[in-house]
Participant: 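Before we start, here is the structure in question, set down as structure tokens.
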Amino acid sequence: MSIKNGLPEQIKLSATLAAELSPSSPVIMAGDPDQKVALASRLGYDAIELHWANPAYLPIEKIAAACSAYQMGISAFATGRAYVQEGLSLIHEDSDNRGAAIKRLKDYVDAAAPYEATVIIGCIRGNLISEDHRESSLKRLAEYALERNVGIVFEAINRFENNYLNTAEETAAFIRENSLPNTKILLDTFHMNIEDADLSKAILDCGDLLGYIHIADSNRHYAGAGHIDLKEILNALKTVNYQGYISAECLPLPDSDTALAGWIRGVKDAF
Ligand code: LER
Ligand code: MN
């Protein structure tokens, strides 16, 4: 394994960016994209993950110009704000709402395509009312993304946010059983700490299905600010030869700059 700046070369670190910050929302930076991308680059991040409820309102040209000026990539488009802010859900009872959720996800795929970025499907999958209501349009969406060469990552999310596909095991089985094309699993250490009995085993069992990682500590603060055993997690990632992004999806606390610097220090110290 080749090591660069203290990390295996095939692992890239991503910061998170949104239009505005909230102390209860796990995004670390907001504000002028040029300044924020420059700051993240200076601290050693490789890319930015974008959290906008609607890609139509995303200042993508500005962000892309800043990324190109500072040799940064766009790692992923997160889609959860379309659920949290607008209530769009892939399994909503109202077919107009479901249609709007699919349309929005296609818009994210179209937005991601020029940047070789991944689209994250997390809480927009919605909440189940009954087991037989679990069928969703994910397969068609994954095929749409495949045609545009965009990867999808499907996230295991804790029970307090979504009422199904909470553990890594259930989520990996769902992706495999439905043969979702071009779709991998996203593991988020905050959710894993609630749902997965053995974090290392969960990572090893996912193996090459693993497509993206969110790291926050047990309290969803930056890496190292809680009690998760990060060394154990990073060792498991090395064992499965994980190649991809690890992203700073954590609360901007005690403030954005401290969290941004603390997260990358915490992750590098644990490698
Ligand atoms: C999305 O990546 C996620 O982890 C959700 O908990 C955001 O609320
Ligand atoms: Mn997450």
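In this chain, numbering begins with 1 at the start of the sequence shown. All ligand and atom numbering here is 1-based and tracks the order in the structure.
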Participant: Could you please compute the angle at the Mn ion (ligand 2) from OD2 of Asp188 to OE1 of Glu249, rounded to 10°?
Facilitator: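 That angle works out to 80° after rounding to 10°.
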Participant: Among the heavy atoms of Arg81, does any lie under 4.0 Å from an atom of ligand 1?
Facilitator: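 No, that is not the case, since the closest heavy atom of the residue is not under 4.0 Å from the ligand.
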Participant: Taking C-beta and beyond as the side chain, do Ile213 and Leu186 meet within less than 4.5 Å on heavy atoms?
Facilitator: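 When only atoms from C-beta onward are counted, Leu186 and Ile213 do not touch, as no gap falls below 4.5 Å.
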Participant: Of all the N, O or S atoms in Glu155, which one sits nearest to the Mn ion (ligand 2)?
Facilitator: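 So the atom name we want here is OE2.
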Participant: With under 30° as parallel and over 60° as perpendicular, where do the rings of Phe154 and Phe174 fit, or are they tilted in between?
Facilitator: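 Phe154 vs Phe174 ring planes: parallel.
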Participant: Could you tell me if Thr167 and Glu195 have a donor-acceptor pair between their side chains, going purely by distance under 3.5 Å?
Facilitator: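 No, Thr167 and Glu195 have no side-chain donor paired with an acceptor closer than 3.5 Å.
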Participant: Where's the contact between Arg220 and ligand 1, heavy-atom distance under 4.0 Å: side chain, backbone, both or neither?
Facilitator: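 For Arg220, the contact with ligand 1 is made by the side chain alone.
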Participant: Strictly under 2.8 Å, is any N, O or S atom of His214 next to the Mn ion (ligand 2)?
Facilitator: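 Checking His214: at least one N, O or S atom is under 2.8 Å.
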Participant: Tell me, please: is Asp188 in heavy-atom contact with ligand 1, that is, under 4.0 Å?
Facilitator: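 Asp188 counts as a contact of ligand 1 under the 4.0 Å cut-off.
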Participant: Is it the case that over 12 heavy atoms from other parts of the model lie below 6.0 angstrom from the CG atom of Asp229?
Facilitator: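 Yes, because the 6.0 Å sphere around CG of Asp229 holds more than 12 heavy atoms from other groups.
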Participant: Among Glu20, Arg81, His51, exactly one meets side chain to side chain donor-acceptor pair (under 3.5 Å) together with Ser25. Which residue is that?
Facilitator: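 That would be Arg81; it is the only one of Glu20, Arg81, His51 passing the side chain to side chain donor-acceptor pair (under 3.5 Å) with Ser25.
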Participant: For ligand 1, which atoms, with element, lie under 4.0 Å from some heavy atom of His214?
Facilitator: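 Counting from 1, the qualifying ligand atoms are 2 (O).
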Participant: Take the angle between the ring planes of Trp263 and Tyr45 and call it parallel below 30°, perpendicular above 60°, tilted in between.
Facilitator: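 Parallel.
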Participant: Show me which atoms of ligand 1 lie under 4.0 Å from any heavy atom of His191.
Facilitator: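 Counting from 1, the qualifying ligand atoms are 3 (C), 4 (O), 5 (C), 6 (O).
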Participant: Pick from Ile203, Asn158, Asp198, Asn166: which one makes a side chain to side chain contact (heavy atoms under 4.5 Å, CB included) with Met192?
Facilitator: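 It is Ile203, the one option of Ile203, Asn158, Asp198, Asn166 that forms the side chain to side chain contact (heavy atoms under 4.5 Å, CB included) with Met192.
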Participant: Among protein heavy atoms, which sits nearest to atom 5 (C) of ligand 1, and what does the distance come to when rounded to 0.1 Å?
Facilitator: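 For atom 5 (C) of ligand 1, the nearest protein heavy atom is Glu161 OE1, 3.3 Å.
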